[in-house]
Trainee: 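My questions will all concern the structure given below.
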Amino acid sequence: GQLVLAGNCERIAEFGVCLNDWKHRRRAPLLESKLQLRRNLEQLLQSEGTANNTSAGRPAARGAPAETADPEGKASPAVLDVKARLAEIQKRLDQVEISVDSFWLELM
């Protein structure tokens, strides 16, 4: 708060840079994990869609959205696990999502 009251723009800018560095160090591994999990989820949904369509006696539709692969809407335990892990990572990403403006709002 003293930086704002004193009008020390250089220190405020430096603080913003430090805050962005801090945020990047915490978000980068989470974003990488999220990307990998989304790829895994896509592969699981595609493989389940292929298995479901083949077992029903019809060929798998090429280019069909993976989310509609299971007509009954039942997800396998593996899919549910990946979705739960994605939700947890998103929660952690939301916790470290901060800007200089939101920091000052919380502080005041």
Side-chain angles (χ1 to χ4, degrees):
Q2 292 178 2
L3 293 177
V4 174
L5 296 175
N8 195 337
C9 295
E10 289 178 15
R11 298 284 306 244
I12 293 171
E14 181 183 342
F15 173 74
V17 170
C18 292
L19 183 63
N20 283 332
D21 287 344
W22 174 88
K23 186 169 76 171
H24 177 72
R25 285 193 310 270
R26 278 151 186 81
R27 288 178 51 86
L30 293 171
L31 290 171
E32 183 61 36
S33 295
K34 182 178 177 180
L35 178 61
Q36 186 60 42
L37 284 172
R38 290 186 61 86
R39 288 177 181 156
N40 292 348
L41 180 61
E42 184 66 29
Q43 289 174 348
L44 282 170
L45 291 172
Q46 285 178 354
S47 66
E48 287 182 6
T50 302
N52 287 341
N53 289 334
T54 303
S55 67
R58 60 184 182 267
R62 294 193 68 139
E67 289 78 11
T68 61
D70 186 359
E72 288 103 36
K74 298 176 189 170
S76 72
V79 169
L80 294 174
D81 178 58
V82 172
K83 286 183 176 184
R85 290 168 51 201
L86 277 168
E88 178 60 32
I89 287 176
Q90 187 59 52
K91 181 180 172 183
R92 291 171 58 198
L93 281 166
D94 292 344
Q95 290 172 343
V96 297
E97 182 57 42
I98 187 169
S99 67
V100 173
D101 291 338
S102 64
F103 174 82
W104 292 122
L105 285 174
E106 284 290 323
L107 192 62
M108 299 291 178

Trainee: Kindly work out whether a path of hydrophobic side-chain contacts (I/L/V/M/F/W/Y, heavy atoms less than 4.5 Å apart) joins Leu80 to Ile89.
Mentor: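 No, no single cluster joins them.
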
Trainee: Going from NZ on Lys83 to CZ on Arg38, what distance comes out if it is rounded to the nearest 0.5 angstrom?
Mentor: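 Result: 10.5 Å between the selected atoms.
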
Trainee: Can you find a pair of side-chain heavy atoms, one from Glu97 and one from Arg27, that are under 4.5 Å apart?
Mentor: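 Yes. Closest side-chain heavy atoms under 4.5 Å.
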
Trainee: Going only through I, L, V, M, F, W and Y residues with side-chain contacts under 4.5 Å, is there a path from Leu31 to Leu35?
Mentor: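 No: no chain of side-chain contacts under 4.5 Å links Leu31 to Leu35.
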
Trainee: Looking at Leu19 and Val100, what are the two nearest heavy atoms and their distance?
Mentor: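 Closest approach of Leu19 to Val100: CD2-N, 3.6 Å.
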
Trainee: Roughly how far apart are Ser33 OG and Asn40 CG, rounded to 0.5 Å?
Mentor: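 Atom-to-atom, Ser33:OG and Asn40:CG are 10.5 Å apart.
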
Trainee: Determine, step by step, whether Asp81 and Arg85 satisfy the salt bridge (charged side-chain N to carboxylate O under 4.0 Å, His left out) criterion, reporting the C-alpha distance in whole Å, the side-chain angles of both residues, the deciding distance to 0.1 Å, and the verdict.
Mentor: CA-CA 6 Å; Asp81 178 58; Arg85 290 168 51 201; 3.5 Å; yes

Trainee: For the backbone of Glu88 and the side chain of Arg92, can you confirm whether one donor and one acceptor N or O come within less than 3.5 Å of each other?
Mentor: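 No, because the side chain of Arg92 does not come within donor-acceptor range (under 3.5 Å) of the backbone of Glu88.
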
Trainee: Could you state the interatomic distance from CG (Leu30) to NZ (Lys91), rounded to the nearest 0.5 Å?
Mentor: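 Spacing of CG (Leu30) from NZ (Lys91) equals 13.0 Å.
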
Trainee: Nearest 0.5 Å, what's the CG-CD distance between Leu45 and Glu48?
Mentor: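 Reported value, rounded in 0.5 Å steps: 6.5 Å.
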
Trainee: To the nearest 0.5 angstrom, please state how far the CG atom of Leu41 sits from the CD atom of Gln46.
Mentor: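 Rounded to the nearest 0.5 Å, the CG-CD separation comes to 10.0 Å.
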
Trainee: Measure across Ile98 and Ser102 and return the closest heavy-atom pair with its distance rounded to 0.1 Å.
Mentor: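 Shortest heavy-atom separation between Ile98 and Ser102 comes out as CG1-OG, 3.4 Å.
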
Trainee: Side chains of Arg39 and Glu42: does their closest heavy-atom pair fall under 4.5 Å?
Mentor: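 No, side chains not in contact.
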
